[in-house]
Amino acid sequence: MDCIQSTPFFYLCTLYSIMKQELSTIPGPIGVFDSGYGGLTILSKIREALPQYDYIYLGDNARTPYGTRSFEIVYEFTLQAVTKLFEMGCHLVILACNTASAKALRSIQMNDLPGMDPARRVLGVIRPTVECIGSITHSRHVGILATAGTIKSESYPLEIHKLFPDIQVQGEACPLWVPLVENNEAEGDGTDYFIRKYIDELLSKDEYIDTVILGCTHYPLLLPKIQKYMPAGITTVAQGELVADSLKDYLRRHPEMDNKCTKTGNCAYYTTEAEEKFIESASTFLNKEVTVQRIEL
């Protein structure tokens, strides 16, 4: 053992261990990840609630959408993004993507974080959305409008029933809503048909629904039309403010994590797609132009 410990290899391993430990204590920005552009609606609300923090937004726009991909591929892609954000100095990463939260979050939290760095954290958007539902619905009948991947995962019914076993949940996939948003058709006349179509299909499954969750970060851009065709008496729940409030509460309850987050009010944007494409599409979600850098995962 003494011979092994005296080798250069041992000293290199020791030095690497010390450097890794030191790097894990250096404060960094909060990472926000989405497979596309919808996560920008989450980031916008988070920055409104917590403007003093620094952020890195990473969009895997070259491989979007995630909603139609398998659990295995979504997990693989999401883990790559989380790893990249950790390498960029983030101690806390928000999966601002319902599909990633549904298909990858639990596996990353349970299987990967302990080996990568047990002090870092990855949070999703489904749990914060669900936590408020019990105080909103009176009929105890709730509907979910989301991508096919999120509906198929049954993540919303599972999370709702953990907290509110008495609530009945129905879901409806809206496969055309995201393409409509990303092709700048959110306000187009033809979009009305597909808004009304999926709302009607959801409500036909349960006439007692009084609360509908928009389970996709793109859908707030469709909110004016959604509210137009949503019957009176039904509450429509978007995610942005709920996630922002939940993150604010999380940092208050975990001062050790708050101390690892830098606070100069800056935000950097990264994409796996061409920069000009991201800038063009991001302006739809943020109503302003941003500077972005292309990276590979």
Side-chain angles (χ1 to χ4, degrees), residues 13-34 39-60 75 78-98 100-132 134 155 158-159 162-163 217 239-270 295 297:
C13 290
T14 303
L15 179 61
Y16 173 75
S17 178
I18 293 172
M19 290 177 62
K20 184 177 180 182
Q21 185 174 2
E22 289 180 348
L23 286 172
S24 69
T25 62
I26 298 174
I30 296 173
V32 180
F33 168 70
D34 186 25
L40 292 168
T41 64
I42 300 294
L43 174 65
S44 178
K45 293 299 182 181
I46 289 176
R47 294 193 71 192
E48 285 181 18
L50 298 164
Q52 71 273 32
Y53 289 81
D54 295 327
Y55 302 92
I56 290 179
Y57 182 86
L58 172 55
D60 189 11
Y75 163 69
T78 305
L79 181 59
Q80 290 172 355
V82 169
T83 301
K84 175 64 73 173
L85 286 166
F86 283 172
E87 292 172 353
M88 297 169 81
C90 300
H91 295 272
L92 173 63
V93 173
I94 310 299
L95 301 185
C97 171
N98 284 272
S101 296
K103 295 185 174 183
L105 177 61
R106 186 173 297 277
S107 294
I108 291 174
Q109 288 176 331
M110 297 178 63
N111 301 330
D112 299 297
L113 275 184
M116 298 170 72
D117 187 342
R120 298 183 193 258
R121 293 290 181 268
V122 181
L123 306 176
V125 293
I126 293 178
R127 182 79 177 199
T129 307
V130 164
E131 288 174 343
C132 72
S155 293
L158 289 170
E159 290 296 329
K162 285 179 186 177
L163 299 177
T217 54
Q239 295 179 292
E241 292 182 2
L242 301 177
V243 174
D245 289 343
S246 178
L247 177 58
K248 189 173 185 178
D249 180 63
Y250 177 86
L251 292 170
R252 179 187 60 79
R253 291 184 291 104
H254 295 86
E256 76 286 353
M257 180 57 70
D258 184 71
N259 291 334
K260 293 181 180 180
C261 299
T262 53
K263 303 176 181 69
T264 64
N266 292 316
C267 183
Y269 298 87
Y270 294 86
I295 60 173
L297 297 180

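Asp54 places a side-chain N or O within 3.5 Å of a backbone atom of Asn266 that can act as its donor or acceptor partner.
With values rounded to the nearest 0.5 angstrom, His254 atom NE2 is found 9.5 Å from Asp249 atom CG. Once rounded to the nearest 0.5 Å, the distance linking OG1 of Thr83 with CG of Asp112 reads 7.5 Å. Remark: Tyr270 OH to Met88 CE distance equals 4.0 Å, nearest 0.5 Å. Atom OG of Ser44 sits about 10.0 Å away from atom CD of Glu241, to the nearest 0.5 Å. To the nearest 0.5 Å, the span separating CE on Met257 from CD1 on Ile30 amounts to 9.5 Å. Annotation: the span from Ile46 atom CD1 to Glu48 atom CD amounts to 11.0 Å, rounded to 0.5 Å.
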Criterion side chain to side chain contact (heavy atoms under 4.5 Å, CB included) on Arg127 and Leu163, from CA distance to verdict: CA-CA 10 Å; Arg127 182 79 177 199; Leu163 299 177; 3.3 Å; yes
Worked check of side-chain hydrogen bond (donor to acceptor under 3.5 Å, both in side chains) between Asn98 and Gln239: CA-CA 10 Å; Asn98 284 272; Gln239 295 179 292; 2.8 Å; yes
CA sep, side-chain torsions, deciding dist, call: Tyr57, Leu40, side chain to side chain contact (heavy atoms under 4.5 Å, CB included): CA-CA 8 Å; Tyr57 182 86; Leu40 292 168; 3.7 Å; yes
Step-by-step salt bridge (charged side-chain N to carboxylate O under 4.0 Å, His left out) determination, Lys263 to Asp258: CA-CA 10 Å; Lys263 303 176 181 69; Asp258 184 71; 3.6 Å; yes
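Side chains of Leu92 and Leu251 form a contact here, defined as non-hydrogen atoms less than 4.5 Å apart. Val243 is not listed as a side-chain neighbour of Leu123, based on a closest heavy-atom distance of 4.5 Å or more. Residues Ile108 and Arg106 are not in side-chain contact: their nearest non-hydrogen atoms beyond the backbone lie 4.5 Å or more apart. Inter-residue side-chain proximity for Cys132 and Asp245 is flagged as unmet; no heavy-atom pair is nearer than 4.5 Å. Two residues are said to be in side-chain contact when any heavy atoms from C-beta on lie closer than 4.5 Å; Lys84 and Val93 fail this criterion.
Closest approach of Leu43 and Cys267 over heavy atoms only: CD2-SG, 3.9 Å. Across every non-hydrogen atom of Thr217 and Ala96, the tightest pair is CG2-O, 3.5 Å. Counting all heavy atoms, side chain and backbone alike, Leu113 lies closest to Val122 at CD1-N, 4.0 Å. Val32 and Gly39 get closest at one heavy-atom pair: CG1-O, 4.5 Å. Between Ser155 and Ala102, the shortest heavy-atom distance links the atoms OG-CB, 3.2 Å. Nearest approach of His91 to Phe86, heavy atoms of both residues: O-CE2, 4.4 Å.
The pair Glu256-Lys260 does not count as a salt bridge, with every side-chain nitrogen at least 4.0 angstrom from each carboxylate oxygen.
Annotation: Gln80, atom CD; neighbour count of heavy atoms from other residues, nucleotides and ligands within 6.0 Å is above 12.
Annotation: cation-pi pair Arg47/Tyr55 absent, no NZ/CZ under 6.0 Å from the ring centroid and within 45° of its normal.
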